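Excluded from the calculations below are hydrogen atoms, water molecules and symmetry mates; all remaining heavy atoms, backbone and side chain alike, are included. Every value quoted in this text rests on a predicted model; they were computed, and no experiment measured them.
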Amino acid sequence: MKMPKENLKYTISEGIALLFGILALAFTFLPAYFEQNRPDLSLFQIMLGDGRVGASPLLIFGFVLLIVGIIATLILLALIVLKKSNDIITTVMSVLSIVCTLGGAIILSCGIFISGLDKLNSELGFTQGYWGFKIGNILVPVAALLSVIASYPSAMIILHHKDLIDQQKRQGKVTSSK
């Protein structure tokens, strides 16, 4: 039922989703936490633990979820390009990609709180700039949200095609009644 233009639209949107998913993964290696007189930590370093906090299984799970979301997007993109996908496969893979990418990004963006780094320092230290967030903690959820937005059209393909069929039926009834 897919038309050539529609296939191109889904190829482009999933390609963009893949790009932003990969960027979200890459941004986990950027500095996300700073503390005065200590080196900056990335979300990846926080996940694996440093001398003061241990490794966090929940953060590792979030990282794995992000990777699964990227892999699902990559597989869906390959299926669309090879014209081996149908509406059900496209919807399921896209929803899987959205859920995993969004879930992983939410978990990772809360990494400072999950690991307990915020409890090691006072709130007054945060307001005075003794410790705080850096760009990695912001870019991971932003890139993941952009990936989710780009995957949205593929997730709605079944509903879109149902709407097109319903619209054709209504137009047929309107035309035949005149």
Side-chain angles (χ1 to χ4, degrees), residues 9-81 90-156:
K9 178 179 85 170
Y10 293 124
T11 302
I12 291 170
S13 71
E14 285 302 316
I16 293 169
L18 179 64
L19 173 69
F20 282 120
I22 292 171
L23 285 174
L25 185 68
F27 292 153
T28 61
F29 297 97
L30 290 178
Y33 173 80
F34 74 89
E35 189 175 332
Q36 212 169 34
N37 301 327
R38 291 192 179 257
D40 295 345
L41 295 174
S42 68
L43 288 172
F44 189 77
Q45 290 169 321
I46 293 170
M47 173 182 67
L48 297 178
D50 69 342
R52 298 177 302 152
V53 293
S56 172
L58 183 58
L59 290 176
I60 293 170
F61 177 69
F63 190 74
V64 170
L65 274 178
L66 189 60
I67 292 172
V68 168
I70 292 167
I71 292 170
T73 305
L74 180 63
I75 290 170
L76 177 58
L77 181 61
L79 289 173
I80 291 172
V81 168
T90 302
T91 299
V92 168
M93 291 299 288
S94 184
V95 168
L96 174 69
S97 167
I98 287 171
V99 168
C100 290
T101 301
L102 193 59
I106 289 170
I107 292 169
L108 287 171
S109 64
C110 297
I112 293 171
F113 304 108
I114 292 171
S115 67
L117 282 171
D118 65 319
K119 291 176 183 59
L120 293 177
N121 299 298
S122 68
E123 290 180 27
L124 182 61
F126 177 72
T127 57
Q128 292 177 342
Y130 181 70
W131 68 275
F133 306 103
K134 289 202 112 176
I135 194 72
N137 207 43
I138 297 165
L139 289 179
V140 169
V142 169
L145 282 175
L146 291 172
S147 177
V148 165
I149 290 168
S151 286
Y152 182 77
S154 298
M156 296 294 123

Between [X] and [Y], what is the shortest heavy-atom contact and its length?
X	Y	answer
Ser151	Ser94	O-OG, 2.8 Å
Gly69	Thr101	CA-OG1, 3.5 Å
Val95	Ala155	CG2-CB, 3.9 Å
Ser115	Val53	O-CG1, 3.4 Å
Ala55	Pro57	O-CD, 3.5 Å

Side chains of [X] and [Y] in contact at under 4.5 Å (non-hydrogen atoms):
X	Y	answer
Met93	Ile75	yes
Leu59	Leu48	no
Leu41	Leu117	yes
Leu65	Cys100	yes
Ser42	Pro31	no

Atom [atom1] of [X] and atom [atom2] of [Y]: how far apart are they, to the nearest 0.5 Å?
X	Y	atom1	atom2	value
Ile46	Phe113	CD1	CZ	10.5 Å
Ile60	Leu108	CD1	CG	10.5 Å
Ile107	Leu58	CD1	CG	5.0 Å
Ile80	Thr90	CD1	OG1	5.0 Å
Leu19	Leu77	CG	CG	11.0 Å
Ile71	Leu76	CD1	CG	13.5 Å

Any donor and acceptor pair, going by atom type alone, linking the side chain of [X] with main-chain N or O of [Y] inside 3.5 Å?
X	Y	answer
Ser147	Ala143	no
Ser109	Ile106	yes
Thr28	Leu43	no

Item to complete: Kindly determine whether Thr73 and Glu14 satisfy side chain to side chain contact (heavy atoms under 4.5 Å, CB included), including the steps that lead there.
Response: CA-CA 7 Å; Thr73 305; Glu14 285 302 316; 3.4 Å; yes
Discussion item. Side chain to side chain contact (heavy atoms under 4.5 Å, CB included), that's the test. Do Leu145 and Leu102 meet it? Break it down for me.
Written reply: CA-CA 7 Å; Leu145 282 175; Leu102 193 59; 3.7 Å; yes
Discussion item. Assess the residue pair Phe133 and Ile112 against the criterion (side chain to side chain contact (heavy atoms under 4.5 Å, CB included)); give the C-alpha distance rounded to whole Å, side-chain angles, the decisive distance to 0.1 Å, and a yes or no.
Written reply: CA-CA 8 Å; Phe133 306 103; Ile112 293 171; 3.2 Å; yes
Worksheet item: Are more than 12 heavy atoms from other residues, nucleotides or ligands located less than 6.0 Å from atom CZ of Phe29?
Response: yes
Item to complete: Taking atom CZ of Phe61 as the centre, report whether more than 12 heavy atoms of other residues, nucleotides or ligands fall under 6.0 Å from it.
Response: no
Discussion item. Determine whether Phe63 and Phe44 satisfy the following criterion, ring pair (Phe, Tyr, Trp, His ring centres under 6.0 Å), listing intermediate values before the conclusion.
Written reply: CA-CA 8 Å; Phe63 190 74; Phe44 189 77; 5.5 Å; yes
Item to complete: Step by step, work out the side chain to side chain contact (heavy atoms under 4.5 Å, CB included) result for Ser154 and Ser13.
Response: CA-CA 8 Å; Ser154 298; Ser13 71; 3.9 Å; yes
